Amino acid sequence: MSFSEKIIAWYLLNKRDLPWRNTRNPYNIWLSEIMLQQTRIAQGTPYYHKFIDNFPTVEDLANANEQEVLKLWQGLGYYSRARNLHATAKKVVNDFDGEFPTTYKGLIKLRGVGDYTASAIASFCFNEPEPVLDGNVFRVLARYFGVAIPINSSKGSKYFKELAKEVMNIGNIRDYNQGIMEFGSIQCAPKNPKCSNCPLNDGCIALKEDKVHQLPVKLKKTKVKARYFNYLVLMDDDSSTSFIKRTGKGIWQNLFEFPLLETEKEINLEDLKNEISKVVELDEVSNIYLYNEQPIIHKLSHQHLHTKFWILKTHAKIKEGIEFSKLDKYPAPVLIADFIKAFKI
DNA sequence: AACTCGGGGAA
DNA sequence: TTCCCAGAGTT
């Protein structure tokens, strides 16, 4: 048996029954692929069900408003995926009469659809012989063929794409593509791969040369930056607060948060008092206190957010105030949603 | 080519 | 703690 035939054979014996594996509907496949970008299946699966329940078709998704989509996406991270998802749904409905493109070339033009996702949809739904290259596939190919070129270099992406095309199974690209990913996830796992009972262990170069744990090679990760967030949680006599959409560049675009004072380092109450007017207009403040004595360190991929929530009570009515009890209607970062959940007036 | 964009689970 | 997950878009 060839490499690809062994992959397919292993897959047919070991595949998990996942919700999007019982369909070739491009809407369902597209939705699942966007959600699973850089996301574990266990984390993404409940969101897939939520979206299919709320938006059974691409028309339903297109007719929603962005805030509704972001609210359902809340907690899944990488929120540009949700914004692009919504934009693409509208594009498909308005420009393509509700039909997704049926080729790699057509699919990759959609916002949020890159090389991997275009290949996945084209092969899963339309049998187009295009290899998928995700983290699992990079690992399987790098190990089996003993390739030490960094997978996240430009040379690496070209090399692995060519290699993947050479070894793919054109006759059953749907099962082959899903199979090599499943194989990478379960058998050729990043840590403690099961080499002893692996159906490919006789031809695996990394195993023969004892380099399984050195492959794949990945270029250095950038370092994490520390930021210092001070959220001003206003509260007037009607139990309303100021809750505003985060605009501009950077993290959490179009999600909601309290008025934010970002500082170069951690600050105390006196420092804060001098800066309040830069963030909010308040005629009168009757009481200020710090909600969390220890800063909450919310960790993102590239940033650690050292966060303090300051409670500011006022008798003046807050402009465009929102009742605390209604904050959970708005899409918010996990950091904010966790605070709202824990904070009791 | 390097940076940015979340959150969580496993070891 | 560190790694990395069915990656894509921007600079």
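No hydrogens, no waters, no symmetry mates; every other heavy atom, side chains included, goes into these values. Reminder, nothing fancy here: chain letters follow the sequence lines and each chain counts from 1. What you see is a predicted model, and the numbers here were worked out from it, not measured in a lab.
- Checking B/dG7, C/dG9, C/dA8 against every side-chain atom of A/L300, the shortest atom distance belongs to B/dG7.
- Look at the P atom in both C/dT11 and B/dG6: the space between them is 15 Å, to the nearest Å.
- More than 12 heavy atoms of other residues, nucleotides or ligands shown are found within 6.0 angstrom of CD on A/E275.
- Scanning residues 245-261 of chain A for heavy-atom distances under 4.0 Å to DNA chain B yields A/G250, A/I251, A/W252.
- When distances are taken from the side chain of A/P190 to each of C/dC4, B/dC5, C/dA6, the shortest belongs to C/dC4.
- Rounding to whole angstrom units, CD1 of residue A/I336 and P of B/dG7 are separated by 10 Å.
- Using a 4.0 Å heavy-atom cutoff across all strands shown, A/S32 reaches no nucleic acid atom at all.
- Of the candidates A/F183, A/F145, A/W10, A/F145 is the only one forming a ring pair (Phe, Tyr, Trp, His ring centres under 6.0 Å) with A/F3.
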Please enumerate all protein N or O atoms sitting under 3.5 Å from an N or O of nucleotides 8-11 of chain B, with distances to 0.1 Å.
from  : atom 1 : to    : atom 2 : distance (Å)
B/dG8 : N2     : A/R40 : NE     : 3.3

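- The CG atom of A/N152 sits 13 Å away from the P atom of C/dC3 (whole-angstrom rounding).
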#### Entry: CA sep, side-chain torsions, deciding dist, call: A/W73, A/F51, ring pair (Phe, Tyr, Trp, His ring centres under 6.0 Å)
CA-CA 9 Å; A/W73 198 274; A/F51 269 72; 5.7 Å; yes
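- Taking atom CH2 on A/W30 and atom P on C/dG7, their separation rounds to 17 Å, with Å as the unit.
- If you find the closest nucleotide of DNA chain C to A/G112 and to A/L36, the one lying nearer the 5' end belongs to A/L36.
- Within the structure, every side-chain polar atom (N or O) of A/Q37 is placed at least 4.0 Å from both OP1 and OP2 of C/dG7.
- A/N177 is not listed as a side-chain neighbour of A/N169, based on a closest heavy-atom distance of 4.5 Å or more.
- Side-chain contact between A/V217 and A/F138 is absent, with no heavy-atom pair separated by less than 4.5 Å.
- Spacing between atom OH of A/Y78 and atom C1' of B/dC3 amounts to 11 Å, rounded to whole angstrom units.
- Distance CG (A/L31) to C1' (C/dA6): 13 Å, rounded to an integer number of Å.
- Between A/F339 and the options A/Y231, A/F324, A/F258, a ring pair (Phe, Tyr, Trp, His ring centres under 6.0 Å) holds for only A/F258.
- Following rounding to the nearest Å, A/R83 (CZ) and C/dG7 (P) show an atom-to-atom distance of 19 Å.
- Here A/Y79 reaches the OP1 or OP2 of B/dG7: one of its side-chain N or O atoms lies under 4.0 Å away.
- In this entry the distance linking CZ of A/F138 with C1' of C/dC4 reads 14 Å, nearest Å.
- In this entry the distance linking CG of A/L305 with C1' of B/dC5 reads 12 Å, nearest Å.
- Among the protein residues, A/R21 comes within range of the nucleic acid bases, having at least one heavy atom under 4.0 Å from a base atom.
- As judged by a 4.0 angstrom heavy-atom cut-off over every strand, A/N177 is placed among residues making no nucleic acid contact.
- Across B/dG6, C/dG7, C/dA6, the shortest atom-to-atom separation from the side chain of A/Q178 is found for C/dA6.
- Donor-acceptor pairing under 3.5 Å, judged by distance alone, is present between the side chain of A/S301 and the base of B/dG6.
- At a threshold of 4.0 angstrom between heavy atoms, the contacts of A/L133 with the nucleic acid are absent.
- With 3.5 Å as the limit, one finds a donor-acceptor pair spanning the side chains of A/N172 and A/D175.
- A/W73 comes within 4.0 angstrom of no nucleic acid atom, judged by non-hydrogen atoms across all strands.
- Counting non-hydrogen atoms of neighbouring residues, nucleotides and ligands closer than 6.0 angstrom, the CD atom of A/E281 reaches no more than 12 such neighbours.
- A distance of about 25 Å separates the P atoms of C/dA6 and B/dC3, rounded to the whole Å.
- A donor-acceptor contact under 3.5 Å is not formed by the side chain of A/T39 with the base of C/dG7.
- Taken to the nearest 0.5 Å, the CG atom of A/N65 stands 9.5 Å off from the CG atom of A/L70.
- Note on A/V132: nothing from the nucleic acid sits closer than 4.0 angstrom, heavy atoms only.
- A donor and an acceptor atom, one from each side chain of A/E284 and A/T314, are located under 3.5 Å apart.
- Of the residues near DNA chain B, A/K155 and A/R81, the one whose nearest nucleotide (by heavy atom distance) lies more toward the 5' end is A/K155.
- Contact of the A/Q187 side chain with the A/N197 side chain is registered, since non-hydrogen atoms from C-beta on lie closer than 4.5 Å.
- Distances shorter than 4.0 Å separate some side-chain N or O of A/R139 from OP1 or OP2 on C/dC5.
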